[in-house]
There are 4 protein chains.
Amino acid sequence: MPKMGMKPVRRGQLIGATIQTIGELGFADASVIKIAKRAGVSPGIVHHYFADKNALLEAAMRDLLSQLRQSVIKRLDLASTPMERLHAVIDGNFAAEQFHTTTVAAWLAFWAQAIHNPALRRLRLINASRLRSNLRHEMKALVHPDRVSNATFSLAALIDGLWLNAALSSQTIDAGHLSAIARNHLGTLLTPPPPPPIPSLEHAHA
Amino acid sequence: MPKMGMKPVRRGQLIGATIQTIGELGFADASVIKIAKRAGVSPGIVHHYFADKNALLEAAMRDLLSQLRQSVIKRLDLASTPMERLHAVIDGNFAAEQFHTTTVAAWLAFWAQAIHNPALRRLRLINASRLRSNLRHEMKALVHPDRVSNATFSLAALIDGLWLNAALSSQTIDAGHLSAIARNHLGTLLTPPPPPPIPSLEHAHA
Amino acid sequence: MPKMGMKPVRRGQLIGATIQTIGELGFADASVIKIAKRAGVSPGIVHHYFADKNALLEAAMRDLLSQLRQSVIKRLDLASTPMERLHAVIDGNFAAEQFHTTTVAAWLAFWAQAIHNPALRRLRLINASRLRSNLRHEMKALVHPDRVSNATFSLAALIDGLWLNAALSSQTIDAGHLSAIARNHLGTLLTPPPPPPIPSLEHAHA
Amino acid sequence: MPKMGMKPVRRGQLIGATIQTIGELGFADASVIKIAKRAGVSPGIVHHYFADKNALLEAAMRDLLSQLRQSVIKRLDLASTPMERLHAVIDGNFAAEQFHTTTVAAWLAFWAQAIHNPALRRLRLINASRLRSNLRHEMKALVHPDRVSNATFSLAALIDGLWLNAALSSQTIDAGHLSAIARNHLGTLLTPPPPPPIPSLEHAHA
DNA sequence: AATGAATGAGAATTCATTCAT
DNA sequence: AATGAATGAATTCTCATTCAT
């Protein structure tokens, strides 16, 4: 009698092993054989649960995105004001569990590969537009309509940039610090720009 | 004697072909054979000019970094005030020639791979610290000493984040727009945060 | 489940094919592809059973050595006196099955390569010291202690030399003849050297 | 004006580099490029002085054989009695200059390869028969006609075996010791076998 | 459900050789 | 005479995938 319902278990094992392997070795060196070995299963079984390597990669990226989304949603549920909701998005993106070295490296690998892989690209687009949509919705309540688009774009870029710097840095990541910087940036987006302090600087902007 | 002075020519061809190939196919699918084919030479000749694939990749990344640096330096030479110099750094990073689709994709691929490849990692670190050092030096002239570090970190992250978004976006990149956003962010870093304008917003911060 | 227990079968096939191929083509021309072809398997499978080419070569040499050892041990089991045991060692080394042309050629190839390959070198050293130890132990019972070392060295060298001449000769090998020569040499080692027959010859030795 | 008569010089350089390279790396790893590099010339020039790699290898082996022959001939010129001449052959084979590690390793490599390479095989056969012929001629003056053949064969084999052991040994080679063992063996070949010392041993011989 | 045997393509790299200069 | 650029084949090894069991 076969073990029942192994499907989700095995899939989870393989997805986890995929993220780990990509995070540790990079996309180019993450072979099915290595992933299977890390998952503690035979290489043959991978194709029993996933159509091909691409399907496995897609599932892995979907898992990463889903974890991130959960991290944000969890915090959104506790927020009530627009500002709180924006902080929730920021903090959700910088949640501690998102910063394990291998996970961050896997993220970057997926981003790089998504340029060339349509399935991954689609996943990333869906996620990115969802994030933008979240941000934009709250921004509308806080900034002038003319500035919503830029403010959203700017905050989203800063979040990504902070993440990227963390991914590439060899130092341990202080998620709180990243969050604070993003919150601070958000603060400046909300307030009207102060009058130019000194003429010379104003000149420099031109 | 053989055709003299082919070395720099071939090396340049191969480096260009490498960046193109990585940009189009991604790191994982950029094989020496494909690179050689794109450069219009035989696969064997690659190892006549580069010790191994890694040396070729390193040279390609070095080339990308060098182009970026030139782009910044060119603008720094025309700048005189600290603010102008910061704008030079921003604009240099967002120069039009830096935004060809394949080039940007190659950049991302190198960043992702740099996590796992010591030689690439070293190159990236050198470049990153040079950028930081440039920014920090000018920041010191413009913001309170206590805020130099954070301001530098924040601006550098935003530059990277804007770049990353451009890299991943399928839309054509408007470098001027990215520059404007970064300049605007820089503006907010320089000025002291204004007093909370209205109580309701203050409440939203809580 | 896959075809079970293929491991020892395939390994045996591949080892046999390796010895055959090296024996026929020499070390330099024995490629993994040719070996696989001779074994009737695909080139890829070789690395499923052996870590790399070196491991395959090592296994092949180990096999040759083991066959030789068995040939000696089989005869040692039937011997009772020291002299019989020495003859067993000689005859074991010159057993007919050790003289198939390809096998002898493989032996020579391995010896030559062992100089440059640490793993093969180690195998050869283990085997050589085992042979010496066997010989020395029996020699102790038959010759004066002062002469054990030289007698052992001399007999071992003669065995190797006879083998080598056979290996390089294009004529069919008469193992019995080689054995007889070695036994004869052994006989001279056992007896005290006769007094110098004529002074002039003694002088020539000096 | 081109340098005149470079031909023998370059050929000599290349032959020396070939022997060195084969001795250090083995036959399989001695490529034309490596040989040229060691000789301090470009890889292209090799084919200006030698038809192909095989011709270079053949010339190198011919050089080794010639050196050995010179070593013997030099000593033969000083010898007058048959025994002295046999000693000259032995000592010539074990001359110190023949025992540089790389040279001995090159010898072994050539022997192994000679099995598969007709040109090398021919060279080796010519040399071997010359050595045999030398030995046999002198043996005829010293031993009973019925034993000339075996005595020659035995002595030649011992010389080769001692050499082989030296080649494979990691220890420094004591050429004098090898010479002494061969001379001693020769001594036993010349004298009539003594009467059996004890019946039991005689029985063991049967 | 699961194994691991097996394949054949493709990877990086090295090679002997040729050739324009 | 000599260089080193250039080729295309061959090398070892890894890969995704299939399949009998």
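So you know, we letter chains A, B, ... as the sequences are listed, proteins then strands, and number each from 1. Keep in mind that this is a model prediction, so the values were computed, not measured.
Not one side-chain nitrogen or oxygen of B:Arg10 sits closer than 4.0 Å to the OP1 or OP2 atom of F:dG4.
Considering every non-hydrogen atom in both B:Glu24 and B:Arg38, the closest pair reads OE1-NH2, 3.0 Å. Taking every heavy atom of both residues into account, C:Thr102 and C:Gln20 meet most closely at OG1-NE2, 3.7 Å. Taking all atoms of both residues into account, the shortest heavy-atom contact from C:Ala30 to C:Ile35 is O-CD1, 4.3 Å. Closest approach of D:Asp52 to D:His47, counting heavy atoms only: CA-CD2, 4.0 Å. When all heavy atoms of B:Ala60 and B:Ile19 are compared, the pair lying nearest together is O-CD1, 3.7 Å. Residue C:Lys53 comes nearest to C:Ser31 through the heavy atom pair NZ-CA, 4.3 Å, listed as atom of the first residue, atom of the second, then distance.
Taking every heavy atom of residues 21-29 of chain A and every atom of DNA chain E, no pair lies under 4.0 Å. In the region residues 38-57 of chain C, proximity to DNA chain E at under 4.0 angstrom, judged on heavy atoms, holds for C:Val41, C:Ser42, C:Gly44, C:Ile45, C:His48, C:Tyr49.
Here the P atom of nucleotide E:dT13 and the CD1 atom of B:Ile35 are 11 Å apart, to the nearest Å. We find that CD of C:Gln13 is positioned 12 Å from C1' of E:dA5, with the value rounded to whole Å. Rounded to whole angstrom, the span from the NZ atom of D:Lys34 across to the P atom of F:dG4 amounts to 19 Å. A straight line from CG of D:Leu14 to P of F:dT3 spans 10 Å, rounded to a whole angstrom. Going from atom CD1 of B:Ile33 over to atom P of F:dT14 covers 17 Å, rounded to whole Å. Distance B:Lys7 NZ to F:dG4 P: 10 Å, rounded to the nearest Å. Look at CZ on B:Arg11: it is 17 Å from C1' on F:dA6, rounded to the nearest Å.
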Apply side-chain contact (heavy atoms from CB on, under 4.5 Å) to residues A:Phe50 and A:Ile15 and explain how you reach the verdict. CA-CA 10 Å; A:Phe50 297 93; A:Ile15 287 170; 4.0 Å; yes

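Which of F:dT12, F:dA5, F:dC15 sits closest to the side chain of B:Met6 comes down to F:dA5.
For the pair A:Phe110/A:Arg124, no side-chain contact is recorded, criterion being any heavy-atom separation below 4.5 Å from C-beta on. Between B:Leu57 and B:Phe27 the shortest side-chain heavy-atom distance falls below 4.5 Å.
Between D:Arg122 and D:Glu58, none of the side-chain N atoms (NZ, or NE/NH1/NH2) sits under 4.0 Å from a carboxylate O, so this pair counts as no salt bridge.
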Could you spell out the base pairing of DNA chain E as a dot-bracket line? Use Watson-Crick and G-U wobble contacts where both distances are under 3.5 Å, [ ] for crossing pairs, | for partners on a different strand. .||||||||||||||||||||

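The backbone N or O of A:Asp29 sits less than 3.5 Å from a side-chain atom of A:Lys34, completing a donor-acceptor pair.
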